[in-house]
Amino acid sequence: LQRILDEGRSYVLDSNCAEALPYYEEYLQKAQPNDLIKKEYGDVLFCAGDYEDALQQYDEVLQNGYMYEAALQKAKVYFTMGDSLDALYQFKEVVKEDSSEFEPRLYLGDTYVKISAYDSARAVYDTLKTWDLDSTQLAQVEMRYKWIPVTGLIGIIQSFPTSIGFSPTVSFYSDNIHFSMLNYGGSLEFGALSWLSLGVGINKFTLSSQYGFRDFVLLKFSLFAHYWKYF
């Protein structure tokens, strides 16, 4: 029996979880496994992508008594499946059982990001940054801050401008009675929001004739609302 189990484990070590499953199943049929082996079998099912059976295996283990590692793996399965609400509940329960562990708190923050609860996610990551983390853990937390879109007034300030457009203008006119006009300048347009742009433009006009010349300056401010991509 031990040789059967060791053979299955060797496939897991080689990342061939699907090929390891028959050995674990044979072992479970012939032996009277304890909850640690059952949890290990659940891990192999998880690794092989058999999520439903992995959940069933973890549930069987947890019915015999609470096991922190099985509960954490169960939460990870829900997270991997994209079932964010169940994952959120499970990670909260795991963190409640042991609030000093780094991994479940990190996953809890990631789950908040998945359901767009960005303030809650940021609060979890902020808490982790107060811990005595090693360089790898700190890098993981810092990376996750980049996953959170900045919203509200801070988001507007940090993302302004979303785009910049510059339009230069120059024109010249002259005729045979010694009259001429030179116009030059330009305008800038700044994207403030996805549907709103701000503009400023300045042009200088120089008019001249045989009787003299005069300068005019035009300063213009603009507001552009994009109601619809075609309008």
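Bear in mind that the values here come from a model prediction, so they are computed numbers and not experimental data.
- Here Tyr68 contributes atom OH and Glu101 contributes atom CD; the two are 4.0 Å apart, rounded to the nearest 0.5 Å.
- Nearest heavy-atom pair, Phe179 versus Tyr173, reported as atom, atom and distance to 0.1 Å: CD2-CE2, 3.7 Å.
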Practice problem: Please test Lys39 against Gln57 for side-chain contact (heavy atoms from CB on, under 4.5 Å), starting from the C-alpha separation and ending with a verdict. | Solution: CA-CA 7 Å; Lys39 183 263 177 187; Gln57 195 65 32; over 6 Å; no
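- A donor-acceptor contact closer than 3.5 angstrom links the side chains of Ser180 and Ser208.
- Residues Arg144 and Val113 are not in side-chain contact: their nearest non-hydrogen atoms beyond the backbone lie 4.5 Å or more apart.
- Annotation: the span from Ile202 atom CD1 to Lys204 atom NZ amounts to 9.5 Å, rounded to 0.5 Å.
- Panel note: side chain Asp175, backbone Ile177; a donor-acceptor pair is recorded below 3.5 Å.
- There is a side-chain donor-acceptor pair under 3.5 Å between Tyr58 and Asp43.
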Practice problem: Applying side-chain contact (heavy atoms from CB on, under 4.5 Å), run through Lys129 and Glu142 and close with a yes or a no. | Solution: CA-CA 9 Å; Lys129 286 191 70 175; Glu142 292 290 351; 3.0 Å; yes
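- Tyr112 and Val94 fall within a single hydrophobic cluster, where Ile, Leu, Val, Met, Phe, Trp and Tyr are joined by side-chain heavy atoms under 4.5 Å apart, directly or via other members.
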Self-check item: Derivation and outcome, salt bridge (Lys or Arg N to Asp or Glu O under 4.0 Å), residues Glu7 and Arg3
Solution: CA-CA 6 Å; Glu7 186 71 18; Arg3 281 198 297 270; over 6 Å; no
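- Summarising the geometry of Asp134 relative to Thr136, their closest heavy-atom pair is OD1-N, 3.1 Å, with the distance given to 0.1 Å.
- Nearest heavy atom pair, residue Ile37 against residue Leu5, reads CD1-CD2, 3.9 Å.
- Contact between Ile164 and Phe190 at its shortest, heavy atoms only, is CG1-CD2, 4.2 Å.
- Hydrophobic cluster membership is shared by Trp131 and Leu106, with clusters built from Ile, Leu, Val, Met, Phe, Trp and Tyr side chains linked at under 4.5 angstrom.
- Atom OG of residue Ser174 and atom CG of residue Leu182 lie 11.0 Å apart, to the nearest 0.5 angstrom.
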Quiz item: For Asn203 and Val217, what are the C-alpha separation, side-chain angles and deciding distance, and is it a side-chain contact (heavy atoms from CB on, under 4.5 Å)?
Solution: CA-CA 6 Å; Asn203 285 78; Val217 176; over 6 Å; no
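- Using a 4.5 Å heavy-atom cutoff, the side chains of Asp14 and Glu19 are not in contact.
- Remark: Lys114 is positioned above the aromatic ring of Phe79, its terminal NZ or CZ atom under 6.0 angstrom from the ring centre and at most 45 degrees off the axis.
- A donor-acceptor pair under 3.5 Å is formed between the side chain of Arg105 and the backbone N or O of Ser99.
- For the pair Asp119 and Arg122, the minimum side-chain heavy-atom distance is below 4.5 Å.
- In this structure, a donor-acceptor pair under 3.5 Å is present between the side chains of Gln2 and Asp6.
- Residue-environment remark: CD (Gln210) exceeds the threshold of 12 foreign heavy atoms within 6.0 Å.
- By the 4.5 Å heavy-atom criterion applied to side chains, Lys38 and Asn34 are not counted as neighbours.
- Asp126 and Tyr145 share a donor-acceptor pair across their side chains, judged by distance under 3.5 Å alone.
- For the pair Ser209/His178, no side-chain contact is recorded, criterion being any heavy-atom separation below 4.5 Å from C-beta on.
- Taken to the nearest 0.5 Å, the CZ atom of Arg214 stands 15.5 Å off from the CE atom of Met181.
- Sorted by first and then second residue, the disulfide (SG to SG under 2.5 Å) pairs with a member in residues 29-68 read Cys17-Cys47; sequence neighbours excluded.
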Quiz item: Step by step, would you call Thr80 with Tyr78 a side-chain contact (heavy atoms from CB on, under 4.5 Å)?
Solution: CA-CA 5 Å; Thr80 304; Tyr78 280 122; over 6 Å; no
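- From Leu108, atom CG reaches atom CD of Glu103 across 12.5 Å, with rounding to the nearest 0.5 Å.
- Linking Ile, Leu, Val, Met, Phe, Trp and Tyr whenever their side-chain heavy atoms come within less than 4.5 Å leaves Leu55 and Tyr41 in two separate clusters.
- Classified by interplanar angle (parallel below 30°, tilted 30° to 60°, perpendicular above 60°), the ring pair Tyr107/Phe91 is parallel.
- To the nearest 0.5 Å, atom NZ of residue Lys220 and atom OG of residue Ser187 are 6.5 Å apart.
- By the neighbour-count criterion of 12 heavy atoms within 6.0 Å, atom CZ of Phe213 is sparsely surrounded, having that number or fewer from other residues, nucleotides or ligands.
- Leu1 approaches Tyr27 most closely through the heavy-atom pair O-CD1, 3.3 Å.
- Other members of a hydrophobic cluster containing Leu13 are absent, since no ILVMFWY side chain comes under 4.5 Å of it, directly or through relayed contacts.
- At a threshold of 4.5 Å between non-hydrogen side-chain atoms, the residues Gln56 and Glu52 do not count as touching.
- Put simply, Leu218 and Tyr184 are part of two different groups of oily side chains (I, L, V, M, F, W, Y) that touch within less than 4.5 Å, one to the next.
- Judged by distance alone, the side chains of Tyr24 and Glu40 do bring a donor and an acceptor atom under 3.5 Å apart.
- Inter-residue side-chain proximity for Val170 and Asn183 is flagged as unmet; no heavy-atom pair is nearer than 4.5 Å.
- Nearest heavy-atom pair, Ala121 versus Ile148, reported as atom, atom and distance to 0.1 Å: CB-CD1, 4.3 Å.
- No continuous path of hydrophobic side-chain contacts links Val44 to Phe46 [ILVMFWY only; heavy atoms under 4.5 Å].
- Around the OH atom of Tyr89, the shell of radius 6.0 Å holds no more than 12 heavy atoms that belong to other residues, nucleotides or ligands.
- For the pair Leu133/Phe102, a side-chain contact is recorded, criterion being any heavy-atom separation below 4.5 Å from C-beta on.
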